[in-house]
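Comments concern the structure below.
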Amino acid sequence: MSTPELGLPMAVAAPDLPARVRIYEVGARDGLQNEKATVPTEVKAEFIRRLADSGLTTIEATSFVHPKWVPQLADAEQLFPLVSDLGRSSGVHLPVLVPNERGLDRALALGARHVALFASATESFAKANLNRTVDESLAMFEPVVSRAKADKVHVRSYISMCFGDPWEGPVPIHQVVRVCKALRDMGCDELSLGDTIGVATPGHVQNLLAELNEEGVPTSVLGVHFHDTYGQALANTLAALQHGVTTVDASAGGLGGCPYAKSATGNLATEDLVWMLQGLGIDTGVDLARLTATSVWMAERLGRPSPSRTVKALSHKE
């Protein structure tokens with residue numbers, strides 16, 4: 001008998017936490033782009049459908065980055081039509097990553113209505129990931145955001161290296177705030193604060209959120225994206241929830257990392273997040289048993305076990 005069937009975790013609410021959290025599932029994009037082997041298009045499509053069946057309503061589907069840079073997602077044009085009906089029939093949002101105007105053109109041609117950019121809070125990562133300075137990358141994003149908003153497309157921006165950078169070390173909070181404000185002023189609907197190499201700690205998280213608020217960026221437009229390199233992802237998530245954040249990025253089975261930051265390990269596992277949120281009495285709309293089964297299914301296709309603690313516990317797989 002699995003643990004959820006025993007009524008565990010027992011829901012015990014904590015004060016001053018949101019009643020509901022939207023999970024922004026990144027496993028099909030951020031997770032699979034970091035795999036050494038290329039996953040077949042049909043398997044990716046089935047993965048997305050299974051994630052939707054588990055109750056996830058925001059599932060990042062793929063990336064329209066040039067295939068030279070992310071070959072694992074070179075099949076974006078083939079994949080998106082295989083899952084786009086989920087948006088029409090089930091109300092599932094299927095955001096896609098776009099790096100520039102060309103990527104936006106490709107996404108819009110397939111009917112994408114939610115796109116995401118990827119910015120950097122540091123010069124080193126902007127150079128490594130975008131081959132531009134921070135300011136040059138912001139200038140590149142301006143026409144992308146402008147065109148997307150003119151077409152009534154929802155725009156999110158990831159901001160990488162918000163807490164630490166493998167080349168520069170600690171990242172000053174004011175530096176992160178400057179990039180976030182520029183993206184918000186540009187017209188981005190949503191900002192995801194990325195702990196790309198997993199070095200954040202709860203006090204740092206809350207200080208950054210407070211400073212963003214003081215500089216006019218409301219909590220309502222902020223999401224958090226934690227990696228679990230030092231085992232801090234859930235603690236950091238709880239700190240963000242205590243501040244009022246209601247959007248949390250996570251990856252089914254803990255898949256993912258970052259191909260341009262070698263010290264980045266896997267994302268916060270969606271199952272681990274759901275277990276904690278259920279224990280806090282916070283609604284996610286996710287069926288944990290179905291989600292776990294999906295991650296076990298994908299792990300079998302990748303030929304290795306899921307790193308998620310909750311997946312291991314519920315599936316009895318080491």
(message) Can you tell me if Arg309 has over 12 outside heavy atoms packed within less than 6.0 Å of its CZ?
(response) no
(request) Using a strict 4.0 Å threshold on nitrogen-to-oxygen distance, state whether Glu35 and Arg304 make a salt bridge. (result) yes
(message) For residues 137-162, which residue pairs pass the salt bridge (Lys or Arg N to Asp or Glu O under 4.0 Å) check, not counting sequence neighbours?
(response) Glu101-Arg147, Asp105-Arg147, Arg113-Asp151, Lys149-Asp189, Arg156-Glu190, Arg156-Asp249
(request) Would you give the length of the straight line joining atom OG1 of Thr229 to atom CG of Asp195, rounded to the nearest 0.5 angstrom? (result) 7.0 Å
(message) Suppose the criterion is ring-ring contact (aromatic ring centres under 6.0 Å, His included): which pairs have a residue in residues 199-224, not counting sequence neighbours?
(response) Phe163-His204
(request) Could you pull out all residues at least two apart from Arg290 that satisfy salt bridge (Lys or Arg N to Asp or Glu O under 4.0 Å)? (result) none
(request) Using the test side chain to side chain donor-acceptor pair (under 3.5 Å), find all partners of Asp287 that sit at least two apart in sequence or belong to another chain. (result) none
(message) The criterion is ring-ring contact (aromatic ring centres under 6.0 Å, His included); which residues satisfy it with Tyr158, sequence neighbours excluded?
(response) His225
(request) Keeping to residues at least two apart or across chains, list the salt bridge (Lys or Arg N to Asp or Glu O under 4.0 Å) pairs with something in residues 170-186. (result) Asp135-Arg178, Lys181-Glu215
(request) Can you measure from CG (Asp228) to CG (Asn267) and round to the nearest 0.5 angstrom? (result) 9.5 Å
(request) Could I get the full list of side chain to side chain donor-acceptor pair (under 3.5 Å) partners for Ser137, not counting sequence neighbours? (result) none
(message) Walk me through whether Ser54 and Thr270 qualify under side chain to side chain contact (heavy atoms under 4.5 Å, CB included).
(response) CA-CA 11 Å; Ser54 75; Thr270 311; over 6 Å; no
Side-chain atoms of residues 239-246: list all donor-acceptor pairs with protein atoms under 3.5 Å, sequence neighbours left out, distances to 0.1 Å.
{"unit_1": "Gln242", "atom_1": "OE1", "unit_2": "Gln206", "atom_2": "NE2", "d": "3.4"}
{"unit_1": "His243", "atom_1": "NE2", "unit_2": "Asn213", "atom_2": "OD1", "d": "2.7"}

(request) Considering non-hydrogen atoms only, spot the tightest contact between Pro71 and Thr38 and give its length. (result) O-OG1, 4.4 Å
(request) Just grab all the ring-ring contact (aromatic ring centres under 6.0 Å, His included) pairs involving residues 75-102, residues at least two apart or on different chains. (result) His93-His114
(message) So, using side chain to side chain donor-acceptor pair (under 3.5 Å) as the criterion, who are the partners of Glu168 when residues are at least two apart?
(response) Ser124
(message) According to salt bridge (Lys or Arg N to Asp or Glu O under 4.0 Å), does anything in residues 44-55 pair up with another residue at least two apart or in another chain? List the pairs.
(response) Lys44-Asp75, Glu46-Arg50, Arg49-Asp85
(request) With sequence neighbours left out, write down each residue that passes side chain to side chain donor-acceptor pair (under 3.5 Å) with Asn100, or none if nothing qualifies. (result) none
